[in-house]
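Hydrogens, waters and symmetry mates are skipped; everything else that's a heavy atom, side chains included, is used. Residue numbers start from 1 in every chain, and the chains themselves are labelled A, B, ... in the order their sequence lines are given, proteins ahead of strands. Computed from a predicted structure; not experimentally measured.
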Protein chains: 4
Amino acid sequence: MNDTPSSATEKSAATRRTQILEAAAVVFAEKGYQRATMKEIAGRAGIAPGTIYLYFGNKREILSAIVNETETPIVAALLEMGGLGDRDAMVEMIEKGLDITEAQLPFNRTLFSEVWVDDSILEESIAERIKQIHQLLEKYIAACIAAGVFRLVDPALVAQMVMGMFGSLIVQAIRGIAPLPSPEKRRALAEAMVDLLLDGIRAR
Amino acid sequence: MNDTPSSATEKSAATRRTQILEAAAVVFAEKGYQRATMKEIAGRAGIAPGTIYLYFGNKREILSAIVNETETPIVAALLEMGGLGDRDAMVEMIEKGLDITEAQLPFNRTLFSEVWVDDSILEESIAERIKQIHQLLEKYIAACIAAGVFRLVDPALVAQMVMGMFGSLIVQAIRGIAPLPSPEKRRALAEAMVDLLLDGIRAR
Amino acid sequence: MNDTPSSATEKSAATRRTQILEAAAVVFAEKGYQRATMKEIAGRAGIAPGTIYLYFGNKREILSAIVNETETPIVAALLEMGGLGDRDAMVEMIEKGLDITEAQLPFNRTLFSEVWVDDSILEESIAERIKQIHQLLEKYIAACIAAGVFRLVDPALVAQMVMGMFGSLIVQAIRGIAPLPSPEKRRALAEAMVDLLLDGIRAR
Amino acid sequence: MNDTPSSATEKSAATRRTQILEAAAVVFAEKGYQRATMKEIAGRAGIAPGTIYLYFGNKREILSAIVNETETPIVAALLEMGGLGDRDAMVEMIEKGLDITEAQLPFNRTLFSEVWVDDSILEESIAERIKQIHQLLEKYIAACIAAGVFRLVDPALVAQMVMGMFGSLIVQAIRGIAPLPSPEKRRALAEAMVDLLLDGIRAR
DNA sequence: AATGAATGAGATTTCATTCAT
DNA sequence: CATGAATGAAATCTCATTCAT
């Protein structure tokens, strides 16, 4: 029988593509899009530079692929969220968001490095997703208000605030300033966040 | 052998430095650090590329200078904040923050484009400032709790949330997705943010 | 482990070679030698790139083969030409030359694109043929002079002029500036050319 | 006073441009456009590769510049030609054409190597010139016919034949197969060509 | 014999940096 | 001090050729 696939040769086309995307995501995350070189991406993927061009037309296309082909499970999670204004549902939602965030760290780091200055990618993909999340949140909040569970606030503003809260966590983690809390502590964090959001900070 | 200052070209060393920094900040903001060329910076500053090297050792040094020499009036503003848990003081603080944010948009955009992937600059300067702001906020919140104006929350968490809320506004403005609200509307926004923070969203 | 010839893929070695040469001639004609890629040649031939190397050592060898293995029916035609100084024979010859020229357009275009700068191929093959044609023409003209049908002119010069006349037609057709005249008009053109050559343009 | 400019530094912008064009013309003529490398052009011009890009946007632009900025004194010569059907005028014209041809050999060789497969350049510039020459010749011939000096021939056909005659000389010289005749012999050649054209080859 | 994915040398082009003026 | 032409290292991308299957 054959020996275990040890070299780059033994990969299907789909696998090779993924292999390149994964290597690129890592390098982009480390160096940023501009500083990342095709040579380094190839090296990290264990293939020759030219090989990349069998799967992607150019460097930019790799970035697009990363952006477009990476799933956003956060959206799926939001869609499934039930229980209007239910504290437990919200806590679980936030906790799930933290888990997803951790899984997507390299992806997010890539985004922030280059997409930031590339309007075409931003407009096409990222903005779209952010808007989607924003709208889902807004709708949920509006529904809670209609149901009398939340008081009369501006749903758009609250949605943005919630995303900002999340963003601050992501940014820190991406930048390595502070790691995301360990899985065990995430429930506590999620509860604190939800309580803050629900009841504010004013003493009563 | 000529000596009489004949044109507006005559500048003191300090002025010339500033002139370069301002031009660079604009170009960095538009193109990102990597895509910005020394030629364009020089062009925008109205001088020759070679001249830049009389004032800065290399391109990176210009970025460092921008980061390090740009003031952060937000810190000063925080230090002056009085009135523990006073709604009006908080509203005014937030409003002032929005004004400062607008004034610093190009600077912030520069940061996000490159500093993001440059640990040396980040660690040295940016993180320092962010921590400073964070600590000031945290201290203020802790004081409010001690004074019995805020209920017993985690000051660090609240500080981070507040910064995240702000961040979400800044990010949108930097990216041009949505402009900052006009000065007239800022007070209303600030009030909504403060009320949200103080009382939460739960109906009562 | 399959073996039964199942498709039209089965070709004898000679046929496969020809198949490649034909595909290459077309691609060379369209793109020029340098711009033509092995992949495109393979694609046009309906085979894989690697297969080409079973029949040719490298790209250049394909070009050589095209040049060397393509017949020059013009030479055969010249050899058969009879009737010293006979207008009809000359007209028919020229007409035949036009037909052959049309049939060889892709081949000629290939030559002009690359052989032009490749002395080895030029010297080996092309120059040889041109000289051959030149000499046949020269000999014919000399014979006509000896027979008293042509006046005393320099046979070499006339041969070159005749080839130049032809060349001007070929070049235009190759370059697509003006198509070769339609078969019906070719006789008229051939007659005009022959009359021009025989009697010149001076009014008498 | 200063020593004679020995290095590449001592050139005005216009001279540097010309210097690059001349080097490129030589390399293009030797290798053809595709095979010519920027590195070699730079080497031949005695400058660094990057310097070329201070004067030309890309490789193709160099070719265009050669094509467009090279004069065609042949047109000027044709315009000045007097004496309808006058043998001496025609002889002188042809002789001048041979001189010009020699002076433009590298330029012409460049054209043939690449322009051949580049329709954009061909259409824009070359075809234009060829047509111009063709029309001037045609007009001249038509005038001679009208004046009764030439018999009733197709002016377009004769123009094309004349250009073909010339072309055959040029091609040989460009390819190095046979040099152009020495200046002393050019008058004899020109006379032979004119006589051939005027009186044909038929014995009388 | 045939395949076609992989290779990697080499080409074009960019741009931070230098230095003679 | 200031200039800006020149540099040349380095990046992206192409494609003839190889070779395991």
Side-chain angles (χ1 to χ4, degrees), chain A residues 2 7-13 16 34-42 45-62, chain B residues 3 9-13 16 34-43 46-62, chain C residues 3 5 9-13 16 34-43 46-62, chain D residues 2 7-13 16 34-42 45-60 62:
Chain A
N2 210 319
S7 78
T9 316
E10 353 239 337
K11 297 265 183 178
S12 77
R16 178 58 45 101
Q34 282 287 338
R35 297 178 120 67
T37 70
M38 297 302 270
K39 208 178 161 194
E40 181 166 3
I41 294 171
I47 59 178
T51 305
I52 298 180
Y53 290 87
L54 297 177
Y55 299 89
F56 300 94
N58 50 45
K59 193 183 172 186
R60 166 62 33 130
E61 234 173 58
I62 301 178
Chain B
D3 46 12
T9 315
E10 314 299 323
K11 301 256 185 181
S12 75
R16 179 58 47 101
Q34 282 288 336
R35 296 175 130 71
T37 69
M38 296 299 269
K39 205 180 163 192
E40 182 167 0
I41 294 172
I47 58 177
T51 306
I52 297 180
Y53 289 84
L54 297 175
Y55 297 89
F56 299 93
N58 53 42
K59 191 183 175 185
R60 166 73 20 150
E61 243 175 48
I62 301 177
Chain C
D3 48 10
T9 315
E10 314 298 324
K11 300 256 185 180
S12 76
R16 181 57 50 102
Q34 282 288 335
R35 294 175 132 71
T37 70
M38 296 299 270
K39 204 180 164 193
E40 182 168 2
I41 294 171
I47 59 178
T51 307
I52 297 180
Y53 288 84
L54 298 175
Y55 298 90
F56 299 93
N58 52 42
K59 192 182 173 187
R60 165 74 20 150
E61 244 175 48
I62 302 177
Chain D
N2 211 315
S7 77
T9 316
E10 351 241 336
K11 298 262 185 182
S12 77
R16 180 54 48 97
Q34 281 287 336
R35 294 177 124 66
T37 69
M38 297 301 270
K39 207 178 161 192
E40 181 166 4
I41 294 171
I47 59 178
T51 305
I52 298 181
Y53 290 86
L54 297 178
Y55 298 90
F56 300 94
N58 52 44
K59 193 181 173 187
R60 166 65 30 134
I62 302 178

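Nearer to the 5' terminus of DNA chain F, by closest-nucleotide assignment, is the contact made by D:Ala48 (compared with the other of C:Gly50 and D:Ala48). DNA chain E is contacted by both A:Ile52 and B:Asn58; A:Ile52 maps to the nucleotide lying nearer its 5′ end (nearest heavy atom per residue). Comparing A:Pro49 and C:Thr51 by the nucleotide of DNA chain E that holds the closest heavy atom to each, the one mapping nearer the 5' end is C:Thr51.
The minimum heavy-atom distance between C:Ala48 and C:Ala42, with the atom names listed, is C-CB, 3.8 Å.
Here A:Thr51 contributes atom OG1 and A:Met38 contributes atom CE; the two are 10.5 Å apart, rounded to the nearest 0.5 Å. In this structure, B:Glu61 CD and B:Tyr53 OH are separated by 10.0 Å, a value rounded to the nearest 0.5 Å. The distance from atom CD1 of B:Ile62 to atom CD1 of B:Ile52, rounded to the nearest 0.5 Å, is 5.0 Å.
The pairing partner recorded for F:dA9 is E:dT14, the criterion being a Watson-Crick or G-U wobble arrangement whose two distances lie under 3.5 angstrom. Figure legend. F:dT18 is base-paired to E:dA5; pairs are counted as Watson-Crick or G-U wobble with both atom distances under 3.5 Å.
For C:Gln34 and E:dT12, the CD to C1' distance is 14 Å, given to the nearest whole Å. Summarising the geometry, the separation between CZ on D:Arg35 and P on E:dA9 is reported as 20 Å, rounded to the nearest angstrom. Nucleotide E:dT12 holds its P atom 10 Å from the CD atom of D:Glu40, rounded to whole Å. At whole-Å resolution of the value, CZ in A:Phe56 and C1' in F:dT14 are 18 Å apart. Separating the NZ atom of C:Lys59 from the P atom of F:dT14 is a distance of 15 Å, rounded to the nearest angstrom. In this entry the distance linking OH of A:Tyr53 with P of F:dC13 reads 4 Å, nearest Å. Taking atom NZ of A:Lys39 as the reference point, atom C1' of F:dA9 lies 12 Å away to the nearest angstrom.
OP1 or OP2 of E:dA2 sits under 4.0 Å from a side-chain N or O of C:Arg16. Side-chain N/O atoms of D:Thr37 include none lying less than 4.0 angstrom from OP1 or OP2 on E:dA11. Between D:Tyr55 and F:dA5 there is no side-chain polar atom (N or O) within less than 4.0 angstrom of OP1 or OP2.
For B:Met38, whose side chain is taken as the heavy atoms from C-beta onward, the closest listed nucleotide among E:dT12, F:dA2, E:dA16 is E:dA16. Here the side chain of A:Leu54 is nearest to one of F:dG4, E:dA5, F:dA5, namely E:dA5.
Side-chain contact between C:Ile47 and C:Arg16 is present, with heavy atoms from C-beta onward closer than 4.5 Å.
Using a 4.0 Å heavy-atom cutoff across all strands shown, B:Ile47 reaches sugar-phosphate atoms only and no base atom. Counting non-hydrogen atoms under 4.0 angstrom, A:Ala42 reaches nothing in the nucleic acid.
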